[in-house]
Each structure stands twice: as C-alpha cells, then as structure tokens.
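Being a predicted model, the structure only gives us computed values, none of them experimental. Here is how names work: the chains are called A, B, and so on, in the same order as the sequence lines, proteins then strands, and each is numbered from 1. In what follows, every heavy atom counts, from backbone to side chain, and hydrogens, waters and symmetry copies are set aside.
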Amino acid sequence: MLFNSLSFIVFLVIVLVLYYANIFSWNNRKRILLLASYIFYGLWNPPLVILLWISTIVDYTAGKKLAVEERQGKRKLWLLLSMVVNLGFLAFFKYGNFLLENFTLVMSSIGLDYEALPMDIILPMGISFYTFQTMSYTIDLYKKKIQPARTFLDFALYVTFFPQLVAGPIVRAQDLITQFYEEKKATTQQFIWGFFLLTIGLFQKVVLADTLLSGTADKIFGSKSILHGLDAWTGTLAFSGQIFFDFAGYSTCAIGIALMLGIILPDNFKYPYASIGFSDLWKRWHISLSTWLRDYLYIPLGGNKHGITRLYVALMITMLLGGLWHGAAWTFVIWGALHGLYLVAERVLKQRIHIKINAFNGVLFALLTYILVNFTWVFFRAREFSTAKNMISSMFFMNPDGDKILQSFDIIKVLVLISLLFICHWIMRKSSLKEMSHKISPLILGVTWAIMIFLISISQGHSEQFIYFQF
Amino acid sequence: MNLKKSLVITIALSLVLLSSWEIYWRLQGYYPTLNDEKALWAKHRANVETATKEDIIVLGSSRAFFDIQLKPFEQLTGKKLIQLASTGSSPLPTFHDIVNNTTYNGSIIIGVTPGLFFSTTFPEAFPWKRSQSKVNHYQDRTYAQRINYELSVPLQKSFAFVSADEEEWDDDIDLKSLLRQVKIGNRTGAPIAPPFYYFGDVDTNRNMAMTSRTATDTAFANTIIKVWEFFGNGVPPPDKASTMAFFLKDLNTFKARNGNVILVRLPSSGATRVGEHEVLPRTEFWDDLVKQARVKSYHFEDYDTLKDLKCPEESHLSYEDAIYFTKTLVSILTKDDAFTNSKTN
C-alpha cells in the first residue's frame, strides 16, 4: 500500500479509529497495529508476508538465545543464523539475478559457455530495510548493547510497524521496541503535527517529485541520444530533486503517521543539499542507513582506529556496499564508489588545507558539494553505463551539438525549483521544521498547509510508487 | 505554536480552495467523467476468466470502442459483452493474452483499424506498448491498486477536477497537465502536435460514447481531424508481414480450441478514409487478412446500410450513429449466424 493512495487514507482512518477507540487494552491495540501492518504489506503481495514472519521468528529466537547464552561459540552461531537468514533473503531475492548474470559473464570470460535463464524472482518491497533493521537487533544483542524484546508481540511490531516498514527510517531496536512497552497515545499537538508532517511528505512526493520533476528526469534518462549539456544538467538536477522529495517525502510521511499514533521515529533527512562536504552529506542524507553502515560495517572494518590506509579501505568498502544495497547493478556500485572517493578526497584535503567555514564560503562549498553529488546521481539513475557515459560527457559540455529534447519551460521549471530547493536547504541547514513552525503565525502555517492540500488534490497523480521501495 | 488554530484554518481554506476550483471548472463546461484507465480495463479483463462460451468479447482500437455500444448489443443478442478495445492501440497483444492466458473459447469481435492492426509487433512501439501495458497491469495489479480504483470511482463521478486521465488530453485539468500547456517557444525544433482534446465519455461498463460537442461542433471536430492528420503523416509504414504472422498464429491456437473470431472493419470517413485506402489498400490488407484468417469478416463498405455513415471527426461515430451501427451490425451478424463458428466467409 502506498501513502499516496486512496486506500491508504481509508486504511489510516480505520487504524486511527481503532487505535483511539478506548475499547482495547494496550496489548490489543498493539495487536491491531501488527495486523494492520501485515494488511498494509500484504495488499501488495500477500505471500511475501511469509518472509516477514520468517525474519521475525528467526531474529526473535536468535535474540532470545543471545540474551541468555554465555558461551561465545554458541552466541556466534545464533548471530550467524540471523545473518544467514536475512542476508540470504537479500542475496536470493535482490541479488539472485545479478549474481547469476555476473557468474555467466565470468564463465564466458574464461571460455566456458554457460548460459542460465534469468530467474523469475519478485523483489519483496522494502526487503533491504526490514532485513537491516532486524539484523541490527541481533547484532546489538550479540554485542550486549541492548536488552531483548520483552514479548514476541513487541518484536513483531518492531519488524513490521507499517509507517516505516517498506522504506525506513531504519530504526534501532532500543529506539522503537522500548516505545511499545508503555501505552502510547499522541497528544493533540503531536497528532496535529503528525498530520502536518504527513501533508508535507505527500506534498513532496505527489506535487514536487511526481508532478514537477519526474517527467523531465524520465525523459532525459530515457533518451538514447547524445544530449546537449543544458538538457543533461536539467535532467540530472531534476532527478536530484525528484529522489530527494520522493524519499524524504516518504520518511516525513512515516514520521508523521507514527507521531499520530504517539510513536516517535528519528529524522532521516536534514536538508542534505546544503551539506558542506561529503561527511556532512552523509550526516544529513538517509541518516538511518548511513548510521547503520557506520555502526555495523565501517566501525567493524576498523573505522579510523587503525591508521589512514585502513580508514580509506573501510570507507571505500562501506560506500561500495552501500551502493550495492541500493540496487543489484554495477551502476549503483559506481555510485557508491564515487561517494567513497569523494569522502577519501575530502579527508585528504582536510588534512592538508585548513579553511574556516563562514556563511560566505560555506554556500560556495555547499554548492560545490551539490554539483559533485549530481555526478553521482547520473550513475544512480542511468540503467546502462552507456547512458551514464553520454550524460557525464554532456554535463562537461563536450557535446555542444547534442540533441535538445527539453522545451524551455521544462528547463526553467526545473532550474527554478532546484534553486529554491537549494536555498531552502541552505536557510534551514541549522534549523528544523519544528523550530521554523514556532516562528511563524498559526495563520501563515494554516494557509501554507491548505495550499499544500489543495496542490496535492489537484495533482492527483496515479499513485506512483516511491523510488526507494525498489531498494 | 497554536496548531489547533492552524488546523482549523487549513480545513476551512482547503474546502474553500477545492470548492472554488471545482466551481471554476464547471463554469468552463467541465463535468465529472470517468477516466478510461488501465485499472478499468483490467477490471473488465478479469471478467474473461469467468466468461462462458455465450459471452462475447470486443477487441480492437478506438473505433471498436466508440462504435460498438453495449446496451443495444446486449439487448439484441441477449449475450454479455466484454468491451476490451483500447484507444490508439493494436489489438494483437490483448488477443494474444486472451488466447494464451485464458481458456475462453467463445466469440471475439476484433475491430480492425488498418493503421493500428497492421502497425507493428515491436514491443516498444506506441500502439503495441499501450495495449501491452494494460495486459501487464491486469497481470501485475495488486489488491491495493484494485481498492484504490474502486475508491476513486465515486470521486471521479462526483468531481470535475478529478481528471488525471492516463491519455494526457490537452484539456486535462490536473496540475501536471495544466503545466504541460505552458509553452515558451520551441527549443527542440520538433514538430508540435496539434492539441488533442477529450472527445468521448466512458462509463463503468467500459461503454464509450462520443461527446455531443464532438458530434455537433464542427470546429471542435476539426481539431481532432488535425490530430489524425498529424499522426497519419508521421506514422512509420505498416508491418504487414509480422503483424499478420503474429495474429494468425494466435488465431489458429484459438480456433483449435473451438474459439470463434469475427473481424469487423469499422467506419471511417473523409480524408482519413481516403488516406487509409491510399496507405493500406483494402485488397492488399483487409482482403488478404480475411483470406488468410478464414473467419467471418465484415467490412462496413460492403453494406448499403453502413457504407455512408459519417464520422464527425472522420474516425469514430457519434453516439447516435454508434447505436444505429451496433443494431445494424448485430442484425447482420445474427442473420449470418456469426456467433457460432460453424461457418466462414
């Protein structure tokens, strides 16, 4: 089920009515939430709920054993079971065909004629999110950082909680499971603020991403032509805006819906396009994934504790795997590699050049960071390397006679919107929506909110899927 | 921060804005309409799974959609009609789907619009992709999508501004379409298509009827004729060999399980008809199709009662003429015992 759909509106109203009906105990309300979460997921593809159940049962059992088992060997085995099941799901459902294709390529490169038919595998929606979430639970228990879930119900709800089930934020056990222990009820302020966040999220997705930007990005990245530089840049900028509004929109909806239920989810985006440098970017973009990768991959790989070379290797491996997490294609690996290189280059430069950041040079560095990020988006969005290569050469204005496939209005629309996006991120980079809302009058907030609802309503759209659902 | 106050303002202002928007478009002549979208098509495609041999399916392009009217057809034949024709599409992917993915073995009326029927089998080509995308949607649709569609119908029927049609008409009034109408010069240098306005209303039974404006307002009908001219000039040459081979293969499979196909060439008029005769001469295309298909086939030009029908925009019949055409066609088919597969031309 998609947040930007009529069925979700009806679903949410029913859930809220049952949740606040005052006729159920807290345990029963949690059962309602769990059932609702399975319905939310199952209405997309019912049999794939079984994967959620397996993940839940395996990790709950492993977690319980890890909490009481003292023998290191056994503890390792329980952790291994959790990892094998979760990573096994990912490997089969997400990377099965990718692995098969590359195996075939390797075979043919060494002269062995091996031809395998691609497997007809459905990618379960949100599998990368919930497997990472449940893995964090068993890893944290293994490291004795957290206590196990008190009940199976609490754990099952942690794995399946519908607002963040399919595209995050990837929440840690200690941040979410513990919230299920006590009865939760949103205050009136929280409920209304949650509804406001839901509106903003839908506005970002339906109006900004799908209505204003997706068409231009799709047209450019769908083109087989060598493009004029302005077209290539416009398409890439459009995609940079589309993916931000799409994904941040989802996260904002998720946070808002959870808040309407009295549950607090962490922020996933903090105005990332005003980042000054790439380490700043990864503290602002998809925060729940970057912290997950930091805690469960980068630090175990050595982090910054074992010298500079090991640090660079750890950074590169983390970013390469981070790229692969997004999709089973080499273009995603290149995307990750570029980010890894940017991070390494930034560290090298920071050691040699010391610049005091002020508002003046800060905005220039933010702009430079954003421009460099756009080159990575080309690999993220392009389905083939040839498309990416053509796009990059056009973005360096090496194809002055390239095809002009965008009309002037499309270019103006994208450039104005992306400029506003950048300016907003810059203004807000040290602030938050909540802080901002305190500074404006209820009238202005109400009018802005109404305009967003109006624009969502007249955009309508066709309930386009969120981009990150495929990851 | 007084959120309650903000919420009250939001609710009140949202209602005012949306009501004003609805009233504005109603004053411009808009009225609530149902979108002809793939969800509606899929809903009717699902009926094929439970269809009996007595039920009849219509496939084809927009002419079969506009010209064959459900009510008179069902009244006169006593049979249930499943309308699966689609605008701007080749019927071959949908026929292929029914032949290969169902056990249906009743009668299928295939409306033949030569320019689309013989267009292509290339999966990425417009006429093919449009049909195939509907088939794909039927096969892949989720329960959530089905519920979304059912919930959207009352809204579509109640509000004029709910109009995000997949067809992308130039008079659509969703935000994306309104922005699409803003044009500053022609940077690409590509030929600009003439505006293509909405000209038919569909209902939940997938019965399509030409709007009265199209039938009575010649200037408006001419805007649509210009679209046919534009598409006609830019269209690639027909691919008779591959389309015929593709169709005949499925036809033989269907016939082998006792299925019955009826080919109908639906009316066109004016320059469109002249153009069709020039680019896709009857003897070379229709007559050869009939000869090779060896199924009951009916060309409107062969019937005095049909050959002089005039299409207001040269390609589709007005609602009134479509009723007349349907009644006449049914009487011809019934007289010819066409709904059984015992005879061929």
Given F409(A) and L179(B), is the side-chain contact (heavy atoms from CB on, under 4.5 Å) satisfied, shown in steps?
-> CA-CA 9 Å; F409(A) 178 72; L179(B) 288 170; 4.0 Å; yes

Stepwise side-chain contact (heavy atoms from CB on, under 4.5 Å) test for Q460(A) and F161(B) | CA-CA 10 Å; Q460(A) 300 158 44; F161(B) 79 85; 4.0 Å; yes

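Nearest heavy atom pair, residue P442(A) against residue S6(B), reads O-OG, 3.0 Å. Across I147(B) and S7(A), no two heavy atoms sit closer than the pair CG2-CB, 3.8 Å. Nearest approach of L17(B) to A450(A), heavy atoms of both residues: CD1-O, 4.1 Å. Nearest approach of L175(B) to V207(A), heavy atoms of both residues: CD2-CG1, 4.1 Å.
The parts of S457(A) that come within reach of chain B are both its backbone and its side chain, each placing non-hydrogen atoms under 4.5 angstrom from that chain. Proximity to chain A (any heavy atom under 4.5 Å) is shown, for L178(B), by neither the backbone nor the side chain. Using a 4.5 Å cut-off between heavy atoms, I412(A) touches chain B through its side chain atoms alone. If you measure heavy-atom distances from I39(A) to chain B, you find no contacts under 4.5 Å at all. Neither the backbone nor the side chain of F11(A) comes within contact range of chain B; no heavy atoms are under 4.5 Å apart. Proximity to chain B is absent for every atom of I9(A), based on heavy atoms less than 4.5 angstrom apart.
At a threshold of 4.5 Å between non-hydrogen side-chain atoms, the residues V447(A) and T10(B) do not count as touching. Looking only at side-chain heavy atoms (C-beta outward), I458(A) and D174(B) stay at 4.5 Å or farther from each other. Between F191(A) and L3(B), the closest side-chain pair of non-hydrogen atoms is not below 4.5 Å.
Among D403(A), I444(A), L406(A), the residue with the largest count of heavy-atom pairs under 4.5 Å with chain B is L406(A). The most heavy-atom pairs under 4.5 Å with chain B, out of T199(A), N45(A), L212(A), L443(A), come from L443(A).
Listed for the K176(B) side chain is a donor-acceptor partner under 3.5 Å among the backbone atoms of D210(A).
Interface residues of residues 83-98 of chain B toward chain A, defined by a heavy-atom distance below 4.5 Å: none. Of all residues spanning residues 183-195 of chain B, those with a heavy atom less than 4.5 Å away from chain A's heavy atoms are I184(B), G185(B), N186(B), R187(B), T188(B), arranged by number. Within residues 125-132 of chain B, no residue has any heavy atom less than 4.5 Å from a heavy atom of chain A. Using non-hydrogen atoms only and a strict 4.5 Å limit, no part of residues 25-33 of chain B faces chain A.
No more than 12 heavy atoms of other residues, nucleotides or ligands shown are found within 6.0 angstrom of OH on Y143(B). Atom CZ of F159(B) sits in a sparse spot, with 12 or fewer heavy atoms from other residues, nucleotides or ligands closer than 6.0 Å.
With rounding to the nearest 0.5 angstrom, the CG atom of L13(B) is 10.0 Å from the CZ atom of F454(A). To the nearest 0.5 Å, atom CH2 of residue W449(A) and atom CD1 of residue I9(B) are 10.5 Å apart.
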